[in-house]
Amino acid sequence: MAASPKAELDDTTLKAAPVDSAAALLPLVVLQNRSDFLRAARAKRVPCGAFLLQARKRDETEPGGLRVGFTCSKKVGNAVIRNRAKRRLREIARAELPRAGLPGWDYVLVGRADRTISEDFAKMRADLNRALKKIHGAQT
RNA sequence: GUGGAGGGCUGGACGGCCGCUUGGGUGGGUUCGCCCACCCGAGAGGAAAGUCCGGACUCGCUGAAGCAUUGGUGCCGGGUAACGCCCGGGCAGGGCAACCUGACGGAAAGCGCCACAGAAAUGAAACCGCCCCACUUUGGUGGGGUAAGGGUGAAACGGUGGGGUAAGAGCCCACCGGGGCACUGGAAACAGCGCUCGCAUGGCAAGCCCCACCAGGAGCAAUGCCUAAUAGGGACCGCGCGCCGGGCUGAUCCUUCGGGAUAUCGCGGCAGGGGCGCUUCACCCCGAGCGGUCCGGGUUGGCAGCUUGAGCCUGCGGGCAAUCGCAGGCCCAGAGGAAUGGUCGUCUAACCUUGGGGUAACCCAAGGGGGACAGAAUCCGGCUUAUAGGCCCUCCACGCGU
RNA sequence: CGGGGCGUGGCGCAGUCUGGUAGCGCACCUGUUUUGGGUACAGGGGGUCGUAGGUUCGAAUCCUGCCGCCCCGA
């Protein structure tokens with residue numbers, strides 16, 4: 001099941017990572033395969049009030065840096081609500097993950113009905129930060 | 001002033017910080033695929049929605065004509081690329097009116113259905129009746145006439161009035177309704193008018209159907225190209241492997257080197273087979289293989305298609321209008337686990353509370369509160385559905401005043 | 001993008017084609033049988049037929065528009 005063509009795909013990411021390391025920021029790569037989402041869902045999960053964080057440390061053979069995905073099912077709402085929820089999740093991921101996340105991990109943020117839209121933005125950032133520390137603290 | 005009808009527009013505003021996609025320019029890097037930084041611009045809707053119709057576009061899914069099948073449309077005329085859409089008109093129904101609504105062809109082409117009730121539910125018949133005659137034990141019985149009345153039903157074989165009669169009946173008459181014919185107006189639907197026919201001929205076609213008209217199929221995951229990988233596969237079934245020609249050259253064989261053989265391979269032609277449900281014609285493919293079904297394997301990478309279009313704005317002109325023509329100007333989202341934003345602040349409508357004013361609708365002040373439905377996915381024309389609030393125009397009825 | 005199916009008492013389904021009475025099983029309630037329970041028997045209650053219109057004298061059924069759910073193909 002080792003996906004050899006994917007090495008070509010993620011080559012630019014691997015190369016770009018050390019270039020930006022001077023800024024101490026990890027670039028975010030978006031998850032695209034359904035299997036990646038399913039594997040992340042089977043791994044660690046931490047509820048954060050307004051959303052749910054799923055995280056998985058990839059095998060050494062799997063390439064790629066820090067990867068992130070977003071899930072908002074139909075339970076969250078109609079298309080407008082879902083897109084808005086995903087945009088808010090994307091913003092807190094952009095704000096927190098480059099600092100608190102680790103390379104070699106997959107993170108999936110799952111939106112929830114009503115709360116992902118209405119929760120205070122600063123609280124959501126703090127929740128994500130706390131959840132990341134909880135995961136990585138348990139790891140070590 | 002109150003109540004109502006029709007149409008059009010709009011769909012929160014401004015700013016700070018941090019981001020995303022994309023066009024152009026400059027500079028830099030590059031494995032020449034592209035990547036990075038800065039500057040200047042652009043970046044959701046009236047329904048982007050539902051996916052209900054109609055198109056554009058693409059496809060060696062063969063093309064055209066006719067027929068059949070299936071599906072759709074259905075008063076008339078116009079508009080349009082086209083439509084089941086729009087405009088105008090007619091007719092019918094509703095409303096005092098402005099105006100609204102209408103799947104609005106055909107029921108003497110045929111088939112079918114019309115429960116219950118009722119005598120009878122379609123080309124008739126007669127339950128209670130009414131009338132006449134005969135008989136009579138005066139209670140009725142039998143025969144005949146009749147369809148006005150009663151009763152049933154959603155619907156009962158024209159309606160009302162009069163004449164007429166034993167009682168009645170379009171049996172006769174007037175008016176209304178209906179059929180037929182002619183004329184007039186109109187482009188037509190249709191309307192008007194005249195003559196004529198005393199006139200049994202219900203309803204349902206969103207039951208089958210008939211008539212007229214219109215439609216081939218699949219869909220941007222269409223389709224084309226590039227890179228990587230590879231496969232060049234297997235099983236079963238059906239129909240086939242026919243005829244003719246020319247030969248010494250494209251092979252092959254024989255040879256006395258002049259030439260000969262042509263079964264076989266190849267060549268040309270014809271049958272034949274396949275490519276649209278059928279037929280005909282044309283075209284293409286096969287011609288010794290072809291067609292069908294199934295299984296197995298590979299692929300979800302990139303680019304194009306992809307946004308200049310039945311386009312938008314302004315003006316003039318034709319037309320009652322839908323809309324069309326001409327001239328000038330403009331370029332206006334192109335994502336792809338899917339950009340078009342996140343957050344904070346100020347203001348402004350809905351709404352709520354309190355206080356004041358007013359007969360009332362409402363107005364003023366303060367505080368709170370916080371925007372409706374909803375997110376492009378190839379692109380257009382419609383339809384349908386959802387939608388807080390605001391603005392504008394026209395018209396009608398009633399009441400009051402002049 | 002395209003195609004198909006479903007919606008009927010609490011649950012699972014008939015009835016829809018061919019219009020006129022909404023029915024079946026389980027569950028529920030009451031009674032009898034039993035010392036009691038179960039079983040069995042008898043009786044009973046309960047349905048805006050997803051929704052809004054239309055056609056018809058009359059609609060779960062026919063037609064149209066919406067709503068929700070499920071499945072399939074590229």
Side-chain angles (χ1 to χ4, degrees):
Chain A
M1 280 306 265
S4 55
K6 208 170 289 178
E8 290 278 325
L9 190 71
D10 292 332
D11 193 22
T12 57
T13 315
L14 282 171
K15 189 178 51 151
V19 172
D20 282 6
S21 64
L25 287 178
L26 291 169
L28 300 182
V29 177
V30 177
L31 288 181
Q32 294 196 347
N33 290 334
R34 174 176 166 78
S35 56
D36 289 334
F37 280 87
L38 292 176
R39 268 177 285 183
R42 280 198 300 271
K44 300 175 185 306
R45 38 175 63 194
V46 178
C48 298
F51 58 96
L52 176 74
L53 176 69
Q54 301 171 339
R56 178 178 74 97
K57 182 174 172 57
R58 289 194 303 277
D59 298 338
E60 299 298 326
T61 57
E62 293 181 74
L66 193 160
R67 302 200 300 180
V68 64
F70 306 93
T71 299
C72 287
S73 72
K74 272 190 175 179
K75 287 178 189 171
V76 175
N78 61 21
V80 175
I81 303 289
R82 287 201 304 274
N83 284 341
R84 183 173 160 82
K86 275 192 276 186
R87 286 196 297 260
R88 295 195 85 199
L89 293 176
R90 203 175 293 141
E91 283 297 313
I92 62 171
R94 190 172 66 86
E96 298 299 328
L97 275 180
R99 283 197 297 263
L102 293 175
W105 282 68
D106 284 352
Y107 302 97
V108 174
L109 279 74
V110 181
R112 286 190 174 169
D114 302 329
R115 299 194 59 181
T116 307
I117 300 297
S118 57
E119 193 80 349
D120 182 70
F121 189 73
K123 183 177 184 305
M124 285 175 71
R125 285 183 64 173
D127 285 344
L128 177 62
N129 206 357
R130 184 155 34 80
L132 288 169
K133 280 176 181 163
K134 184 175 177 184
I135 283 175
H136 297 313
Q139 181 75 10
T140 51

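Sequence lines set the chain letters: A, B, ... in the order given, protein chains first and strands last, and positions in each chain run from 1.
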Exercise for review: Before accepting this row, confirm whether a basic side-chain N of the pair A:Glu119/A:Lys123 lies closer than 4.0 Å to the acidic partner's carboxylate O.
Suggested key: yes

Point to revise | Whole-Å distance separating the CZ atom of A:Arg125 from the C1' atom of B:rG19 | key: 13 Å

Point to revise | Nearest-angstrom distance, C1' atom, B:rG84 to B:rU394 | key: 32 Å

Point to revise | Polar side-chain atom of A:Arg112 near backbone of A:Gly49 as donor-acceptor pair, under 3.5 Å | key: yes

Practice item. In whole angstrom, give the distance that lies between atom CG of A:Asn78 and atom P of B:rA48. Key: 17 Å

Practice item. If the glycosidic angle is within 90 degrees of 0 it's syn, otherwise anti, so just tell me which one B:rG258 is. Key: syn

Study note, to complete from the structure: Its glycosidic angle compared against 90° from 0, C:rG19 adopts the form anti

Practice item. Kindly indicate whether the side chain of A:Tyr107, heavy atoms from C-beta on, has any atom under 4.5 Å from the side chain of A:Leu102. Key: yes

Review point. Using Watson-Crick and G-U wobble pairs whose two distances are both under 3.5 Å, how do you write the pairing of RNA chain C as dot-bracket, with | for links to another strand?
Key: ((((((((.[[[[.)....(..]]]].(((((.......))))).....[[[[[..)....]]]]]))))))).

**Study point:** Nucleotide-resolved protein contact map, nucleotides 334-341 of chain B, B/S/- at heavy-atom distance under 4.0 Å
**Key:** ---BSSSS

Point to revise | Chi-based syn or anti call at B:rA48, which uses purine or pyrimidine torsion atoms and a 90° bound | key: anti

**Study point:** Chi-angle category of B:rU307 [syn within 90° of 0, anti beyond]
**Key:** syn

Exercise for review: Take atom CG of A:Asp120 and atom C1' of B:rG342, then tell me their distance rounded to the nearest Å.
Suggested key: 13 Å

Revision key, fill the gap. Separation of B:rG342 atom C1' from A:Phe51 atom CZ, nearest Å, is 15 Å

**Study point:** A:Val80 vs A:Arg88, nearer the 5' end of RNA chain B by closest nucleotide
**Key:** A:Arg88

**Study point:** Heavy atoms of other groups near A:Asp114 CG, more than 12 under 6.0 Å
**Key:** no

**Study point:** Syn/anti state for B:rC332 [syn: chi within 90° of 0]
**Key:** syn

Check your understanding: Just how far, in rounded Å, is P of B:rG375 from CD1 of A:Ile117?
Key -> 13 Å

Exercise for review: Flag the pair A:Met124 / A:Leu89 as yes when at least one side-chain heavy-atom distance between them is below 4.5 Å, and no otherwise.
Suggested key: yes

**Study point:** Salt-bridge criterion met for A:Arg94 and A:Glu91 (N-O under 4.0 Å)
**Key:** yes

Practice item. Take atom CZ of A:Phe121 and atom C1' of B:rC17, then tell me their distance rounded to the nearest Å. Key: 12 Å

Exercise for review: Report yes if the side chains of A:Val110 and A:Thr116 come closer than 4.5 Å at any heavy-atom pair, otherwise no.
Suggested key: no

